[in-house]
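Since the model is a prediction, treat every value here as computed from it, not as a measurement. Each chain gets a letter, A, B and so on, in the order its sequence line appears, and its residues count up from 1.
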2 protein chains.
Amino acid sequence: MKKITIGEASRQSGVKVPTIRYYESIGLLAEPNRSEGNQRSYEPSDLRRLAFIRHARELGFEVDAIRALLTLQDDPNQSCASADAIAKARLVEVEQRIRSLTALKAELETMIKGCVHGRVDECRVIEVLADHGQCTHSHH
Amino acid sequence: MKKITIGEASRQSGVKVPTIRYYESIGLLAEPNRSEGNQRSYEPSDLRRLAFIRHARELGFEVDAIRALLTLQDDPNQSCASADAIAKARLVEVEQRIRSLTALKAELETMIKGCVHGRVDECRVIEVLADHGQCTHSHH
DNA sequence: CTTGCACCTCTAGCCACTAGAGGATGTAGG
DNA sequence: CCTACATCCTCTAGTGGCTAGAGGTGCAAG
């Protein structure tokens, strides 16, 4: 029965200590037992949950989506259709984001290519920013 | 001498009214003259500045970067090397973001493809989220 | 002259944390 | 046993870039 402190949990899960406390405060993570001196003491299951949360956050899921996914995970008899829907919605967001960033990249490249390091009043960067009409792509 | 109200400025620039007031409060936009009844009255140059800010925000520049760009714009004799540097830094960010989103997209697609709408305890989505080791791409 | 919209200021809220103050606890060495 | 020091505790406030709402004033049309 080794006790897992919050620092240890942080090291093992890759979630920062204040962030773990934050997740507890918003109810993503259950309140753990406390030591005699009032210090949090975690179980291995908490570490798995933290790893799950961290991974989902890295994949860009919002806290509310993660909350839904965790609820599903807690009841393995449920159909996973909701999990599937959440992931699909996220995929759509990501695809949209990639499209607009790609257009943006082209825009920035045009801007930078046009810049010949002259004075500001003939700077392509400033000029393009000042006038959306000069954009070659219509996206944003 | 037609007076440009904040609502008119908003319509013409595409920046929302409270956002215009916000930009004034953080010093991105100069305090405009006021009418007798204490209402803001803008000049055409303010509209251009607002359009510039809006466009830059759409291109994902942070307010601090925009502040720097605006300072440059205000002094057209300066070299535009700084503007160029700001745009290049932004380009690097955007490229990085596209790379990681693309990897993420692949991850989500794998997750979703594996999901056969069974019960949660055999759900690929939940499973992959619970175990980073199952990720096929190393990025996040 | 009244209706109703647009304007004003101010405060608080959003998300997901992060930073810092000020104090208690736990542990390793002497 | 004492001390030093890391780690822990709670609490409040701050981040960025707005957005929402309360409670009040200005202004133009009918």
> Run the salt bridge (Lys or Arg N to Asp or Glu O under 4.0 Å) check on A:R54 and A:E58 step by step: do they pass?
Replying inline: CA-CA 6 Å; A:R54 189 199 164 193; A:E58 278 170 345; 2.9 Å; yes
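The distance from atom NZ of B:K3 to atom C1' of D:dA28 is 10 Å, rounded to the nearest whole Å. Atom P of nucleotide C:dC7 and atom CD1 of B:I4 are separated by 13 Å, given to the nearest angstrom. D:dG17 atom C1' lies 8 Å from atom CD1 of B:I26, rounded to whole Å. Atom C1' of nucleotide D:dT15 and atom CG of B:D64 are separated by 12 Å, given to the nearest angstrom. Atom CD of A:E58 and atom P of C:dA16 are 15 Å apart (whole Å). Per the geometry, CD belonging to B:E24 stands 13 Å off C1' belonging to C:dC7, to the nearest Å. Taking atom CD of B:E8 as the reference point, atom P of C:dC7 lies 9 Å away to the nearest angstrom. The distance from atom CZ of A:F61 to atom P of C:dC17 is 15 Å, rounded to the nearest whole Å.
The shortest distance between the side-chain N/O atoms of A:T19 and the OP1/OP2 oxygens of C:dA16 is not below 4.0 Å. Put simply, A:S35 has a side-chain N or O that comes within less than 4.0 Å of OP1 or OP2 on C:dG26. Within the 4.0 Å cut-off from OP1 or OP2 of D:dC18, at least one side-chain nitrogen or oxygen of B:Y23 is found. One finds a side-chain N or O of A:R40 lying less than 4.0 angstrom from the OP1 or OP2 phosphate oxygen of D:dT10. Taking 4.0 angstrom as the limit, B:Y22 places none of its side-chain polar atoms (N or O) nearer than this to OP1 or OP2 of D:dG16.
Atom NE2 of B:H55 and atom CZ of B:F61 lie 9.0 Å apart (nearest 0.5 Å).
Note on B:R21: a base of the nucleic acid sits closer than 4.0 angstrom, heavy atoms only. Counting any heavy atom pair closer than 4.0 Å across all strands shown, A:E62 reaches sugar-phosphate atoms only and no base atom.
In this structure, A:K16 and A:Q39 both approach DNA chain C, and ranking their closest nucleotides by distance from the 5' end singles out A:K16. Map B:V63 and A:R34 each onto its nearest nucleotide of DNA chain D; the residue landing nearer the 5' end is A:R34.
With a 4.5 Å cut-off on side-chain heavy atoms, B:Q134 and B:R124 count as touching.
None of B:I112, B:V125, B:L108 except one satisfies the side-chain contact (heavy atoms from CB on, under 4.5 Å) rule with A:K88; the exception is B:I112.
Taking 4.0 Å as the cut-off between side-chain N and carboxylate O, A:R49 and A:D74 count as a salt-bridged pair.
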